Peer 1: 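My questions will all concern the structure given below.
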Amino acid sequence: MSIRHFITLNSLSRKELESIINRALELKEQIKHKKYTTTLNNRVLGMIFEKSSTRTRVSFETGMAQLGGHAIYLAPTGTQIGRGEPLKDTARVLSKMVDCIMVRTFEHEKLEEFTNYSDVPVINGLSDSFHPCQLLADLLTYTEARGSIENKKVVWLGDGNNMCHSYMNAARIFNFELVISCPKDFVPASEIYELSKENTSIEHDPFKAVEKADLVITDVWASMGQESEQKDRKEKFIKYQVNSEIMACAKSNALFMHCLPAHRDEEVTEEILEGQQSVVWEEAGNRLHSSKALLEFLLN
Ligand code: CP
Ligand code: NVA
């Protein structure tokens, strides 16, 4: 059988993604009873991080340990990657030693190139264009809290960034309505929009966008790599802040999600982040269970 990678949500079918979410629920339940299934005994995951991480690193590292395997953290400094060894060389070398490789990098094309040279499954741990692992956790969180996301109204407020792109993929695959509300100069990439346009629309007025929403999501206004634009973006995005006025336009039982890290009182107010509609801590914790289910899927 050919190797399966997880580069975007489109790498897997809806059925496969649903099986991962269901397995994550099972694994989560087992942990509550202190039961650990060691389905990845002796298997090793290599993790290349060219950007910072807390959740992604800890979820994959803990996940591998709980499943009986091991994970190796490869930082830009202290490895030859940081000294310029090409990713395509690293891909071939690591493929001879580890069973799976997770990569967090900048340009999505670098990840695609890496995948072409890898003999083992590659996981996108975030690129400038997509963050599919976070979507697994978000879908798991929504399913646990409210059941199926199909036909629900999901509203993305803020930057048309990597997370937004992955939500666009999810809208098409899981058939929910996605409304994106962003400043005119920060719309998502047109080629990704084209693919999901039957499920996705853009509404620049945030109050109109959130009307009757079942789920409201946001993310930082300046992603990793865009730090120099932080101040300028803060001024341009202010009307897209998720606050109590915005949430009041959504359904009364609407949920709020954020992949974290959050910038309090920028893209979301403290009140909403810590409020009753927020499921961000559950969402972050679900990174562990969804990462484990993904690893099992790709490795077994
Ligand atoms: N949400 C997320 O990917 O967090 P980290 O950057 O901490 O991994
Ligand atoms: N859009 C954010 C997500 C962080 C998990 C970034 O790329 O920095």
Side-chain angles (χ1 to χ4, degrees), residues 6-9 24 45-64 71 73-76 101-111 123-142 156-170 178 180-183 186-189 192 216-234 236-237 240-242 256-264 266-268 273 278-292 294-295:
F6 188 58
I7 302 306
T8 71
L9 279 188
L45 170 74
M47 306 189 297
I48 298 175
F49 281 95
E50 296 195 309
K51 290 175 174 171
S52 304
S53 170
T54 298
R55 282 142 285 265
T56 305
R57 176 180 175 181
V58 177
S59 64
F60 278 108
E61 207 163 316
T62 305
M64 280 306 283
Y73 173 68
L74 297 155
I101 307 167
M102 194 236 75
V103 184
R104 171 170 282 199
T105 190
F106 292 86
E107 300 85 1
H108 191 71
E109 297 68 33
K110 265 167 81 177
L111 192 77
I123 297 171
N124 177 1
L126 181 146
S127 66
D128 286 348
S129 306
F130 297 100
H131 194 6
C133 292
Q134 183 66 47
L135 260 288
L136 291 180
D138 286 20
L139 292 163
L140 169 60
T141 309
Y142 192 87
W156 174 271
L157 284 174
D159 190 18
N161 65 10
N162 45 7
M163 273 296 298
C164 177
H165 290 159
S166 284
Y167 260 97
M168 287 158 74
N169 288 343
L178 177 67
I180 297 164
S181 196
C182 56
F186 297 90
V187 292
I192 304 169
V216 177
I217 332 144
T218 191
D219 186 10
V220 290
W221 292 333
S223 285
M224 288 181 274
Q226 298 172 331
E227 287 77 7
S228 63
E229 298 172 37
Q230 181 106 27
K231 196 169 164 280
D232 182 46
R233 282 173 173 251
K234 225 168 138 174
K236 291 186 170 140
F237 280 85
Y240 297 92
Q241 181 188 68
V242 182
F256 170 73
M257 287 195 205
H258 188 311
C259 64
L260 305 178
H263 289 180
R264 283 171 168 76
E266 287 186 23
E267 73 272 7
V268 59
L273 187 73
S278 170
V279 286
V280 298
W281 313 115
E282 203 58 32
E283 179 189 3
N286 279 339
R287 288 294 305 270
L288 171 64
H289 314 294
S290 53
S291 298
K292 286 170 72 178
L294 174 67
L295 288 164

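All figures in this text were calculated on a predicted structure; none of them were measured in a lab. Counting starts at 1 for both ligands and their atoms, following the listed order.
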Peer 1: Give the residue and atom name of whichever protein heavy atom lies nearest to atom 7 (O) of ligand 2, and the separation in Å to one decimal.
Peer 2: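 Minimum-distance protein heavy atom for atom 7 (O) of ligand 2 reads Asn162 ND2, 2.8 Å.
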Peer 1: Which residue supplies the protein heavy atom nearest to atom 8 (O) of ligand 2, what is that atom called, and how far is it?
Peer 2: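 Looking at atom 8 (O) of ligand 2, the protein heavy atom closest to it is Met224 N, 2.8 Å.
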Peer 1: Nearest 0.5 Å, what's the OH-CD1 distance between Tyr142 and Ile217?
Peer 2: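 Tyr142 atom OH to Ile217 atom CD1 measures 10.5 Å (nearest 0.5 Å).
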Peer 1: If every non-hydrogen atom of Tyr240 is compared with every non-hydrogen atom of Gly158, which pair is closest and at what distance?
Peer 2: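 Closest heavy-atom pair between Tyr240 and Gly158: CB-N, 4.1 Å.
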Peer 1: For side chain to side chain contact (heavy atoms under 4.5 Å, CB included), just list the numbers for Phe130 and Asn169, CA-CA rounded to whole Å, side-chain angles, deciding distance to a tenth of an Å, and then say yes or no.
Peer 2: CA-CA 9 Å; Phe130 297 100; Asn169 288 343; 3.4 Å; yes
Peer 1: Between Ser129 and His108, does any side-chain donor sit less than 3.5 Å from a side-chain acceptor?
Peer 2: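 No, no side-chain donor-acceptor contact under 3.5 Å.
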Peer 1: Indicate whether the side chain of Asn286 and that of Glu282 have a donor and an acceptor atom separated by less than 3.5 Å.
Peer 2: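 There is no such pair between these side chains.
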Peer 1: Please say whether Met163 places an N or O atom under 3.5 Å from an N or O atom belonging to ligand 2.
Peer 2: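 No, no N or O pair falls under 3.5 Å.
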Peer 1: Of all the non-hydrogen atoms in the protein, which one sits nearest to atom 3 (C) of ligand 2, and at what distance?
Peer 2: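 Heavy-atom neighbour on the protein nearest atom 3 (C) of ligand 2: Asp219 OD2, 3.6 Å.
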Peer 1: Under the rule for ring pair (Phe, Tyr, Trp, His ring centres under 6.0 Å), what residues qualify as partners of Phe106, not counting sequence neighbours?
Peer 2: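 By the ring pair (Phe, Tyr, Trp, His ring centres under 6.0 Å) rule, Phe106 matches no residue at all.
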Peer 1: Where's the contact between Thr56 and ligand 2, heavy-atom distance under 4.0 Å: side chain, backbone, both or neither?
Peer 2: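 Answer for Thr56: neither.
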Peer 1: Are any of the side-chain nitrogens in Glu50 or Arg104 under 4.0 Å away from the carboxylate oxygens of its partner?
Peer 2: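 No salt bridge links Glu50 with Arg104.
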Peer 1: Under the criterion side chain to side chain contact (heavy atoms under 4.5 Å, CB included), which of Leu45, Leu74, Asn124 is the partner of Met102?
Peer 2: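 For Met102, the side chain to side chain contact (heavy atoms under 4.5 Å, CB included) test succeeds with only one of Leu45, Leu74, Asn124, which is Leu45.
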Peer 1: Using the ring of each side chain (for Trp, its six-membered ring), is Phe237 parallel, tilted or perpendicular to Trp221, with breaks at 30° and 60°?
Peer 2: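 Ring orientation of Phe237 relative to Trp221: parallel.
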Peer 1: Under 3.5 Å between some N or O of ligand 2 and some N or O of Lys51?
Peer 2: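 No, since none of the N or O atoms of Lys51 sits under 3.5 Å from an N or O of ligand 2.
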Peer 1: Looking at Leu273 and Val268, what are the two nearest heavy atoms and their distance?
Peer 2: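 Shortest heavy-atom separation between Leu273 and Val268 comes out as N-CG2, 3.9 Å.
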Peer 1: Would you check the N or O atoms of His131, main chain and side chain alike, for any that come under 3.5 Å of an N or O of ligand 2?
Peer 2: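 No, since none of the N or O atoms of His131 sits under 3.5 Å from an N or O of ligand 2.
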Peer 1: With heavy atoms of Leu126 as the reference, note each atom of ligand 2 found under 4.0 Å away.
Peer 2: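 Numbered from 1, ligand 2 contributes 3 (C), 4 (C), 5 (C), 7 (O).
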Peer 1: Would you say Ser223 and ligand 2 have an N/O pair spaced under 3.5 Å apart?
Peer 2: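 Ser223 vs ligand 2: N/O contact under 3.5 Å present.
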Peer 1: Near Leu260, which atoms of ligand 2 are under 4.0 Å from a heavy atom of that residue?
Peer 2: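 Those of ligand 2 that fall under 4.0 Å from Leu260 are 5 (C).
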Peer 1: If the criterion is any heavy atom closer than 4.0 Å to an atom of ligand 1, which residues make the list?
Peer 2: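 Within 4.0 Å of ligand 1, the protein residues are Ser53, Thr54, Arg55, Thr56, Arg104, His131, Gln134, Cys259, Leu260, Arg287.
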Peer 1: For ligand 2, is Asp128 a contact, meaning one of its heavy atoms is under 4.0 Å away?
Peer 2: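 Flag not set, Asp128 not near ligand 2.
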Peer 1: Would you call Asp159 and Lys236 a salt bridge, taking side-chain N to carboxylate O under 4.0 Å as the test?
Peer 2: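 Salt bridge absent between Asp159 and Lys236.
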Peer 1: For Asn161, counting its heavy atoms only, list the atoms of ligand 2 lying under 4.0 Å from any of them.
Peer 2: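 Reading through ligand 2 atom by atom, the close ones are 1 (N).
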Peer 1: With rounding to the nearest 0.5 Å, note down the distance linking CG in Leu126 to OG in Ser53.
Peer 2: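 Between Leu126 CG and Ser53 OG, I get 8.5 Å after rounding to 0.5 Å.
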